[in-house]
Trainee: 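Structure in structure tokens, see below.
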Amino acid sequence: MKNKPISMIVGTGSSVPSKVLSNFDLEKMVDTSDKWITERTGIKYRYIANNGVVTSDLCSDAALKALEEAKVLPKELDVIIVATVTGDVKFPATACYVQQKIKAVNAVAFDISAACSGYIYSLTLANQMIMSNNFKTVLIIGGEILTSMVDWTDRNTCVLFGDGAGANVIKPSDGEKGVITTYIKSDGQLAHLLTTPGGGSKFPINHRTVEQKLQFIHMEGREVFKHAVKCMSESVEKVLQQANMSPEEIDLMIPHQANIRIIEATAKRAGIPMERVLVNIDRYGNTSSASIPIALDEAKRNGRLKEGDTVLMVVFGGGFTWGSAIVKF
Ligand code: UT7
């Protein structure tokens with residue numbers, strides 16, 4: 001290993017709502033089947049927020065767990081970054097509501113919008129902020145209530161998504177553990193393939209845009225699938241090159257949980273056997289920016305990820321955005 005880490009993850013936490021929606025529940029809502037969903041996506045269940053639960057609630061719960069593990073007090077936080085496309089309101093930032101809820105009175109708080117890739121973008125940003133020496137303790141959170149943008153009559157999308165949040169507390173590295181390197185990329189030419197067009201300045205909410213269902217997630221699934229495999233494979237290759245590492249040196253790969261077939265294809269191209277790939281899509285669905293930090297937290301807490309392990313995380317999402325990171329724990 002060549003790169004010396006600048007920052008390290010000192011605490012993780014995650015949170016999901018209590019309500020579970022199974023494929024069998026969905027069979028009663030749209031023309032679909034447990035068989036189709038399982039075979040085409042790998043999803044069996046997903047968590048769904050009840051009315052009244054907002055993204056900053058899940059983010060704050062995940063953050064408090066991460067802070068507890070890190071033994072960091074909220075007032076010690078210098079920065080809060082929330083990656084989300086389903087913030088509580090249009091503005092202000094969901095990070096500001098998290099700041100208020102966890103009483104992180106000394107932090108600067110802001111959101112970033114990079115769809116599913118938001119967590120890897122946030123990790124990259126946190127690493128750079130710590131590198132600047134101006135910030136010492138950074139909280140990053142990927143949190144979504146994607147089901148607030150789901151058209152429950154559209155079987156192409158409504159079976160895919162779930163709600164949740166995952167948080168990391170990041171501090172300067174001890175010189176051994178931490179972020180070895182990250183890689184992030186975007187291609188705005190393909191933005192139209194995965195978008196929620198309504199509610200912004202292009203299509204402000206009105207009766208007409210609601211009738212046209214522009215407030216919901218629109219996705220060209222097959223196209224997105226192709227690009228996801230290509231870009232996630234490229235991300236694995238690039239980040240390994242940057243770290244001067246081989247696939248054999250990766251103890252655990254945590255890919256974005258969008259589709260089991262994307263995960264398997266990425267792992268195969270990367271030369272990482274599925275025994276070393278974390279899959280939890282069956283229980284969560286696609287939780288966008290929350291998917292990797294939820295999986296990371298789960299892996300740490302159930303012992304799948306052990307001290308000394310090197311983890312490769314890789315993601316793809318709307319924008320298009322994609323990226324990867326290698327972190328030693
Ligand atoms: O997180 C950000 C990135 N997002 C992704 O990476 C998602 C990428 N895309 C995918 O995961 C897959 O494209 C989907 C899971 C969304 C769809 O799977 P697919 O194998 O690409 O299916 P398809 O869209 O090509 O549709 C195949 C058939 C169609 O029927 P016909 O035209 O062949 O008769 C669809 O109407 O499956 C039908 N279909 C369904 N059938 C039962 C689509 N959705 C459903 C459904 N239940 N829920």
Side-chain angles (χ1 to χ4, degrees), residues 21-46 83-86 113-121 142-147 149-166 184-188 190-196 216-236 254-267 269 277 279-282 284-295 313-324:
L21 190 74
S22 73
N23 292 349
F24 298 106
D25 296 326
L26 281 159
E27 283 182 354
K28 296 179 200 128
M29 297 161 64
V30 283
D31 180 16
T32 191
S33 64
D34 172 56
K35 186 172 183 296
W36 191 95
I37 303 170
T38 307
E39 285 177 6
R40 304 310 292 165
T41 73
I43 303 165
K44 294 295 254 182
Y45 305 92
R46 68 287 289 146
T84 188
V85 291
T86 51
S113 174
C116 302
S117 308
Y119 166 76
I120 296 292
Y121 275 47
E144 305 282 7
I145 298 195
L146 279 185
T147 57
M149 293 197 307
V150 159
D151 176 0
W152 292 109
T153 66
D154 175 14
R155 70 174 184 174
N156 290 296
T157 52
C158 77
V159 302
L160 303 174
F161 301 108
D163 303 330
I184 50 173
K185 204 119 197 267
S186 329
D187 183 354
L190 301 170
H192 58 284
L193 295 175
L194 176 51
T195 177
T196 294
F216 295 132
I217 299 172
H218 294 249
M219 179 168 72
E220 299 289 333
R222 243 179 265 186
E223 277 303 304
V224 175
F225 189 104
K226 274 195 302 202
H227 288 282
V229 173
K230 184 172 148 280
C231 296
M232 284 172 72
S233 304
E234 174 209 294
S235 297
V236 173
I254 305 185
H256 173 47
Q257 308 284 312
N259 188 313
I260 185 66
R261 292 179 293 134
I262 295 175
I263 294 172
E264 285 170 351
T266 304
R269 288 193 187 190
V277 178
V279 176
N280 69 4
I281 189 171
D282 50 325
Y284 293 91
N286 180 350
T287 57
S288 184
S289 64
S291 99
I292 292 178
I294 288 176
M313 303 184 266
V314 57
V315 74
F316 176 84
F320 287 150
T321 55
W322 62 99
S324 47

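For ligands, and for the atoms within them, numbers begin at 1 and follow the listed sequence.
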Trainee: Do F216 and D154 make a side-chain contact, defined as non-hydrogen atoms from C-beta onward lying under 4.5 Å apart?
Mentor: no

Trainee: Quick one, V229 and R269 - any side-chain contact, counting heavy atoms below 4.5 Å?
Mentor: yes

Trainee: Please report whether ligand 1 has a polar contact with M219, defined as an N or O pair separated by less than 3.5 Å (distance criterion only).
Mentor: no

Trainee: So, E223 and K226, do they make that salt bridge, N to O below 4.0 Å?
Mentor: yes

Trainee: Is there a side-chain contact between V224 and F320 (heavy atoms, below 4.5 Å)?
Mentor: yes

Trainee: Can you confirm whether some protein heavy atom lies under 4.0 Å from atom 34 (O) of ligand 1, or whether none does?
Mentor: no

Trainee: Within a strict 4.5 Å, meaning less than it, do heavy atoms of the W152 and T147 side chains meet?
Mentor: yes

Trainee: State whether a side-chain donor-acceptor pair under 3.5 Å links T287 with E144.
Mentor: no

Trainee: For atom 4 (N) of ligand 1, grab the closest protein heavy atom and report residue, atom and distance to one decimal in Å.
Mentor: V224 CG1, 3.6 Å

Trainee: Run the salt-bridge test on D163 and R46 with the 4.0 Å N-O cut-off and return the result as yes or no.
Mentor: no

Trainee: At under 4.0 Å between heavy atoms, is it the side chain or the backbone of W36 that contacts ligand 1, or both, or neither?
Mentor: side chain

Trainee: Going from CG on D151 to CD1 on I217, what distance comes out if it is rounded to the nearest 0.5 angstrom?
Mentor: 10.0 Å

Trainee: For T41, counting its heavy atoms only, list the atoms of ligand 1 lying under 4.0 Å from any of them.
Mentor: 15 (C)

Trainee: Atom CG of L160 and atom CG of L146: how far apart are they, to the nearest 0.5 Å?
Mentor: 10.0 Å

Trainee: Under a 4.5 Å cut-off applied to non-hydrogen side-chain atoms, are M149 and V85 in contact?
Mentor: yes

Trainee: To check your reading of the model: name the closest protein heavy atom to atom 12 (C) of ligand 1, its residue, and the distance in Å.
Mentor: N259 ND2, 3.9 Å

Trainee: Can you tell me which residue and heavy atom of the protein come closest to atom 47 (N) of ligand 1, and the distance to 0.1 Å?
Mentor: T32 OG1, 2.7 Å

Trainee: Within a radius of less than 6.0 Å around OH of Y45, do more than 12 heavy atoms belonging to other residues, nucleotides or ligands occur?
Mentor: no

Trainee: Contact between I37 and ligand 1, counting heavy atoms under 4.0 Å?
Mentor: no

Trainee: In the protein, what heavy atom is nearest to atom 2 (C) of ligand 1, and what distance, to one decimal place, separates them?
Mentor: C116 SG, 3.3 Å

Trainee: Kindly indicate whether atom 31 (P) of ligand 1 is approached by any protein heavy atom to under 4.0 angstrom.
Mentor: no

Trainee: In ligand 1, which numbered atoms sit nearer than 4.0 Å to a non-hydrogen atom of F316?
Mentor: 2 (C)

Trainee: State, with a plain yes or no, whether a side-chain heavy atom of L26 is found less than 4.5 Å away from one of R155.
Mentor: no

Trainee: Distance under 4.0 Å to a non-hydrogen atom of V159: what atoms of ligand 1 satisfy this?
Mentor: 48 (N)

Trainee: When you measure from atom 20 (O) of ligand 1 to every protein heavy atom, which one gives the shortest distance, and what is it?
Mentor: R40 NH2, 2.8 Å

Trainee: For ligand 1, is there an N or O atom under 3.5 Å from any N or O atom of N286?
Mentor: yes

Trainee: Among all protein heavy atoms, pick out the one at the shortest distance from atom 9 (N) of ligand 1; state its residue, atom name and that distance to 0.1 Å.
Mentor: G221 O, 3.1 Å

Trainee: Quick one: look up the protein heavy atom nearest atom 38 (C) of ligand 1 and list residue, atom name and how far away it is.
Mentor: R155 NH2, 3.6 Å

Trainee: Which residue and atom name correspond to the protein heavy atom nearest atom 19 (P) of ligand 1, and how close is it?
Mentor: R261 NH2, 3.7 Å

Trainee: Is any N or O atom of R222, backbone or side chain, closer than 3.5 Å to an N or O atom of ligand 1?
Mentor: yes

Trainee: Between I262 and ligand 1, which residue portion shows a heavy-atom distance shorter than 4.0 Å: side chain, backbone, both, or neither?
Mentor: side chain

Trainee: With heavy atoms of N156 as the reference, note each atom of ligand 1 found under 4.0 Å away.
Mentor: 43 (C), 44 (N)

Trainee: In terms of atom number and element, which parts of ligand 1 are under 4.0 angstrom from non-hydrogen atoms of A258?
Mentor: 1 (O), 5 (C), 6 (O)

